[in-house]
Amino acid sequence: VRRIYLDNAATSFPKPPGVWEAVKDYGERLGATPGRAGYAESLEGGRVIRRCRERLVRLVNAPSPDHAVFTLNTTDALNLAVKGRVSNARRRDPARPLHLVTTAFDHNSVLRPFNELASCGVRVTFVDGDPASGRVDPAAIRHAITPQTILVALNHVSNVTGVIQDAAAVGRVCRDVGVAYLLDAAQSAGHTPVDMRAWSVDLLALPGHKGLLGPLGTGALVMRPGMEERIDTLREGGTGTASESDTQPGFMPDKYEPGSHNAPGIAGLAEALRFILDRTPAALRRHEESLIARMLDGLRRGGAAVGAAGPDRSGPLAGLSLLGPDRVEDRTGIFSLTHATLSPAELALTLETEFGVLARPGVHCAPRAHRALGTSTGALRLSLGPFISADDVRHTLDALAAVCRSARAHSLAAIAPTSSAMLTQP
Ligand SMILES: Cc1ncc(COP(=O)(O)O)c(C=O)c1O
């Protein structure tokens, strides 16, 4: 039975050729903790890790591989950036009131650390976005910044609406006022270009396992050199370097990487990055754009509500509404849908059991975004990856049409007895 995996926003599947071979090779041939001993396997392991850092910084145009810090996932990178920044500012001036800014369209990986810090006296602001697209106006972010603000965190691409925020404009705002700028690239890296230098990004949180196509359990925080003076560590421990010292080394990347690395996972990520760099991010984006265009076109033609266009009551997709932008250039391949009568969970179940289409219903760890969009009970999210084909999109649209038709038939059947009963009344 055909299975079409459309949950790439959660984690990408399948991975490019060579990724699992690289993981296996590390485990079976090298095995050692990377770079921490003098024997050949350990030294080669160190080179594998180094190659991964170099490919990461090449991909996002960052200046220094030593400042690409490996983390467990994006959440871990975001926690390090946000809490490390607050800890550092508190240490420098315990009396200074502190303020953080993010948006209502950010993920729980930012909202929850912010709310945790709010419970410890830090003031936080969640800037609203456009209720239809989720787009946030950089001027509104500028407006939210005060002399107490020490960090602005922005979700580059919404995991709910797929909207691409103007990361460059927010970078200019932060640079002009001298506030640290943290970009959450969980949904953008590998899908649309990310440019740390051009956009003045100070801290970039990355998942290794989503658009970068590496294994689960990988992620990174890429820092602009110098940021290590403004971000405290959240964990200390053995680094295999400066071992005679009782305290954490201050040099990069060891400062933020105590403990043994997920070396097999990082070996897999290095291979995935090679695939992306060889294909080129621009070519991957072109492929995704062609699929987005097909999806938008298919939804529109089928009578779904897309953008400003109201729902068509007669088309095969009548009853469906797409959240977020209606232009290819404004979005990535994340499509969140609601239905007039079916819940997101019902839609997901039928799509999987009858058509082999795997999608994610729910609130997608973004409760504020859903409240702002008027969909607090959630939506059904379909998210594309580089191995999805035009034929997969067609199959998905056909499956959606069949589900909508059957929902209409059911609701007509439910109305029919009532109407006939009314007709027979005296
Ligand atoms: C926008 C955004 N930020 C952060 C995360 C957290 O990513 P991870 O699972 O790598 O911790 C996600 C995951 O869905 C996300 O969509």
Side-chain angles (χ1 to χ4, degrees), residues 5-13 15 56 60 68-83 102-116 126-127 129 133-136 151-165 167 170 181-192 194 201 203-222 234 262 265-266 268-269 272-273 323-324 331-336 358-370 372-373 378-385:
Y5 178 82
L6 291 180
D7 198 13
N8 288 279
T11 197
S12 54
F13 177 82
K15 306 299 181 187
L56 269 179
V60 299
V69 171
F70 288 116
T71 59
L72 303 171
N73 45 42
T74 327
T75 306
D76 195 34
L78 291 165
N79 270 271
L80 171 57
V82 173
K83 293 181 182 161
T102 188
T103 81
F105 284 83
D106 270 66
H107 188 271
N108 271 342
S109 313
V110 167
L111 302 184
R112 288 180 175 175
F114 267 47
N115 284 326
E116 182 63 25
F126 302 101
V127 176
S133 66
R135 189 172 293 103
V136 175
L151 180 89
V152 168
L154 176 72
N155 180 351
H156 188 196
V157 166
S158 166
N159 59 313
V160 177
T161 67
V163 67
I164 305 171
Q165 304 289 1
V170 176
Y181 177 28
L182 165 62
L183 190 64
D184 173 358
Q187 298 298 346
S188 56
H191 292 278
T192 184
V194 174
V201 175
L203 301 156
L204 182 75
L206 293 171
H209 63 103
K210 298 185 195 260
L212 297 186
L213 308 176
L216 276 161
T218 59
L221 181 67
V222 185
L234 301 189
N262 172 14
I266 295 170
L269 176 58
L273 290 167
L323 306 181
R331 58 155 47 249
T332 64
I334 288 176
F335 298 91
S336 287
L358 314 186
R360 168 77 70 98
V363 180
H364 315 108
C365 301
R368 276 183 177 263
H370 273 290
L373 294 161
L380 177 79
R381 185 181 72 187
L382 310 165
S383 48
L384 307 179

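The figures that follow rest on heavy atoms only: side chains count, while hydrogens, waters and symmetry mates do not. Atoms within a ligand are numbered from 1 in the order they appear, just like the ligands themselves. Just so you know, these numbers come straight off a predicted model, no measurement behind them.
In this structure, Asn262 contributes its side chain and Gly265 its backbone to a donor-acceptor pair below 3.5 Å.
The aromatic rings of Phe13 and Tyr5 stand perpendicular to each other, their planes meeting at an angle above 60°, with 30° marking the opposite boundary.
The contact shell of ligand 1, taken as protein residues with any non-hydrogen atom closer than 4.0 angstrom, comprises Ala9, Asn73, Thr74, Thr75, His107, Ser109, Asn155, Asn159, Asp184, Ala186, Gln187, Pro207, His209, Lys210.
In this structure, the side chain to side chain donor-acceptor pair (under 3.5 Å) partners of Ser109, at least two apart in sequence or on a different chain, are Thr75, His107. Qualifying side chain to side chain donor-acceptor pair (under 3.5 Å) partners for Asp106, counting only residues two or more places apart in sequence or in other chains: Thr102, Thr103. The salt bridge (charged side-chain N to carboxylate O under 4.0 Å, His left out) search around Arg381 returns Asp7, not counting sequence neighbours.
Side-chain contact of His209 with Thr11: a donor-acceptor pair under 3.5 Å is present, judged by distance alone.
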